[in-house]
Visitor: 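Shown below is the structure under consideration.
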2 protein chains.
Amino acid sequence: MATISDVAKLSGQSKTTVSRVINNHPYVSEEKRELVLKAMEELGYTPNPTARRLRGQLTTTIGVIVPRIVNPFFSYLVNSIENAAYQRGYQVLIAQSNEDKEKELAFLNLLKNKQVDGIIMTSIENDWEIIEPYTKYGSILLCNDYVNQEVAPMIRLDQTKGAYLGIKHLVEKGHQKIAYCTGGLFDAHGRGRDRNLGFQKAMQEANVKINPRWIFVDQHTIEDGKIVLKQILEMDDRPTAIFTGSDEVAAGIIIEAKEHSLSIPQDLAVVGFDDQPIAEILDPKLTTIRQPMDQMGEKSVKVMIELLENPKMPIKTYELPIELIVRQST
Amino acid sequence: MATISDVAKLSGQSKTTVSRVINNHPYVSEEKRELVLKAMEELGYTPNPTARRLRGQLTTTIGVIVPRIVNPFFSYLVNSIENAAYQRGYQVLIAQSNEDKEKELAFLNLLKNKQVDGIIMTSIENDWEIIEPYTKYGSILLCNDYVNQEVAPMIRLDQTKGAYLGIKHLVEKGHQKIAYCTGGLFDAHGRGRDRNLGFQKAMQEANVKINPRWIFVDQHTIEDGKIVLKQILEMDDRPTAIFTGSDEVAAGIIIEAKEHSLSIPQDLAVVGFDDQPIAEILDPKLTTIRQPMDQMGEKSVKVMIELLENPKMPIKTYELPIELIVRQST
DNA sequence: TTGTATGCGTTATCAT
DNA sequence: ATGATAACGCATACAA
């Protein structure tokens, strides 16, 4: 690899002048600039990012933490982040937390070591108090997941509204016996809290009572969905509709329903969440809440880069639209 | 961030001694080692990878190039690579080529700049002659995709056998009119070549003629699959079975078939490729060729790290098992 | 066994 | 407008 010294030697200039040309500094004559440019061309010179990094420059690398890349929601999110970053000359370092607090912290350390300029967290496993100290080493942006104070820039969706729209849709379809799945616990704190609120609000407005037996917590996968349906089948008093926390859980429910010759939506109406590709693959096609992954990724990168260029930018929260997509499962 | 100098100062030793302790060098007295260790602990010291990198050390970062991360085949592959790498203390830098030659090269440049120790290519867009020069800057390993000489370590599957198994299965089910989809072109070179061979071999063995009208090239997505089915419907002489290059194309075919009230497998038997999660979600469930993504990722990382530790290791090709999974679509 | 000095490639500081 | 030099944090050749 050619270095700046090689360019300096070949062009007959000093390293400083070469550096000035590279970084578009003023005070370099057109004549010498040409000389340097020509030498760079000739040697196929590219600045060594490692050396720049050591000098405290930006790394033009953004880290992204996802819980699991095989979850389509996150792979689509990463996709849009990677594309947006590449367009702006940034690279993307990816890590899966596997929902593991320790792994999350291990990755945040990259910030400390200036391996990445900033990190986009798409899920947050540790309490914010644990994560906060890392913000002094670089920018942290929350995308999708969030905390309840404005401590970091956030790109988020109105999850409360998402759940509200889904439940309201079921009520309008005439359902009164509505089950509810969440990826979190059904409590006032922690994951899924906002969706729970939307659920409660819609139920209240419709004057229908929440049946605690029809609340399923900690549901994530297709397999989980299948089990949920089996549990419902064993009930004397069954719900006529179910709102799920993800398209995958909904998929499990629909697949298992078919095994038991249950008709959807006649016997059970199903609403998903995310609008992943499987929503259109399922038969019947899935009514779901669309989360605009593309917009989220794009926006996250945009805000992250603004933040890197101007670290004392005021912390803001950006909310993106969320919408109900009605298909055949309701 | 604490530096090696801070540790040296606090422990009252020289930077060299500290460095020796960090790197587990011999010739450092137990007494001083303790001292250094204590200071490191106290300062929460971690070596700065950037500085190490600049010194020409390994970066403990592996790059992975995938064509598209949203393709489940690749997201599962990346998943296993990331997990295997993390276990061994390596980070994973991800890039999508989007099947773009230029973007692929841009990413290979990371090798030149010692941003990554090695790159795992899961698809190869440029000709090998273009890529080859980069091997002198770091290790390149081919996983999934491959070239036809032993120019780099390869982790691959016997694609010929995969296609052969699928076609043979259809023949055994009594089919004679078999259509064939490929992601590449149906020629002797380039992508999909090996699968084409397996297809031809199986057809020949069964003494059934290949109908060129039933060959669909450059098929990748669910949307492509839908179009394929529409094209088949317009034919006077329709195939009774179809072998596809991916579960996604198969999914498109099955979904579209349903729209036209075609029964699967009665009216059309369908074989996929990959054994992605949708294979089990589709109704009917998809008969497909299983590619062991987990094993591929794991093995790739293992070989890559061996290679980094011993760069003059002989170049070898590792072939992993591929198998037919029979479900309901045939 | 330990320490001093040097260099990796870059950019910032300070002269000129 | 240009250049010499120091510094970023680390590991190593060499000296002691």
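The chains referred to below are lettered A, B, ... by the order of the sequence lines, with proteins before strands, and numbering in each begins at 1. What's counted below: heavy atoms across the whole structure, side chains too, no hydrogens, waters or symmetry copies.
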Visitor: Atom CG of B:N24 and atom C1' of C:dT1: how far apart are they, to the nearest Å?
Guide: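 Rounding to the nearest Å, CG of B:N24 and C1' of C:dT1 are 17 Å apart.
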
Visitor: Have a look at the helix from C:dT1-D:dA16 to C:dT16-D:dA1 and give the angle its two end axes make, five pairs each, rounded to 10 degrees.
Guide: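 That helix has its two terminal axes inclined by roughly 50°.
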
Visitor: Generate the contact string for nucleotides 2-9 of chain D. Rules: B means base contact, S means sugar-phosphate contact only, - means no protein heavy atom under 4.0 Å.
Guide: BBBBBBBB

Visitor: Can you tell me how far C1' of C:dG7 sits from CG of A:D6, to the nearest Å?
Guide: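 From A:D6 CG to C:dG7 C1': 15 Å.
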
Visitor: Report the residues that fulfil side-chain contact (heavy atoms from CB on, under 4.5 Å) with A:L141, sequence neighbours left out, ordered by chain and then residue number.
Guide: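 A:I120, A:C143, A:P153, A:I155, A:S300, A:V303, A:M304.
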
Visitor: Does A:D145 have any salt bridge (Lys or Arg N to Asp or Glu O under 4.0 Å) partners at least two apart in sequence or in another chain, and if so, which?
Guide: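 Partners of A:D145 by the salt bridge (Lys or Arg N to Asp or Glu O under 4.0 Å) criterion, ordered by chain and then number, come out as A:R191.
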
Visitor: Going by the rule salt bridge (Lys or Arg N to Asp or Glu O under 4.0 Å), which residues pair with A:K299 if we only count those two or more places apart in sequence or in a different chain?
Guide: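 Partners of A:K299 under the salt bridge (Lys or Arg N to Asp or Glu O under 4.0 Å) test: none.
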
Visitor: Who pairs with B:K101 by side-chain contact (heavy atoms from CB on, under 4.5 Å), at least two apart in sequence or on another chain?
Guide: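 Partners of B:K101 under the side-chain contact (heavy atoms from CB on, under 4.5 Å) test: B:E125, B:N126.
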
Visitor: Using whole Å, what does the distance between atom P of nucleotide C:dG9 and atom CE of A:M40 come to?
Guide: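 After rounding, the gap between these two atoms is 16 Å.
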
Visitor: To the nearest Å, how far apart are B:I22 CD1 and D:dT12 C1'?
Guide: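 Roughly 13 Å, once rounded to whole Å.
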
Visitor: Which residues pass the salt bridge (Lys or Arg N to Asp or Glu O under 4.0 Å) test with B:E298, not counting sequence neighbours?
Guide: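 With neighbours one apart ignored, the set is B:R88.
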
Visitor: Can you sort out the partners of A:T16 under side-chain contact (heavy atoms from CB on, under 4.5 Å), two or more places apart, ordered by chain and number?
Guide: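 Testing A:T16 for side-chain contact (heavy atoms from CB on, under 4.5 Å), a comparison that skips the adjacent residues, returns A:S14, A:R20.
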
Visitor: Can you find a pair of side-chain heavy atoms, one from B:Y146 and one from B:D194, that are under 4.5 Å apart?
Guide: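 Of all side-chain heavy-atom pairs linking B:D194 with B:Y146, at least one is under 4.5 Å.
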
Visitor: Quick one: salt bridge (Lys or Arg N to Asp or Glu O under 4.0 Å) partners of B:K103, sequence neighbours excluded?
Guide: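 B:K103 satisfies salt bridge (Lys or Arg N to Asp or Glu O under 4.0 Å) with A:E82 once adjacent residues are dropped.
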
Visitor: Can you tell me if the side-chain N/O atoms of B:H25 get under 4.0 Å from OP1 or OP2 in D:dT12?
Guide: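 It does, given that an N or O in the side chain of B:H25 lies less than 4.0 Å from OP1 or OP2 of D:dT12.
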
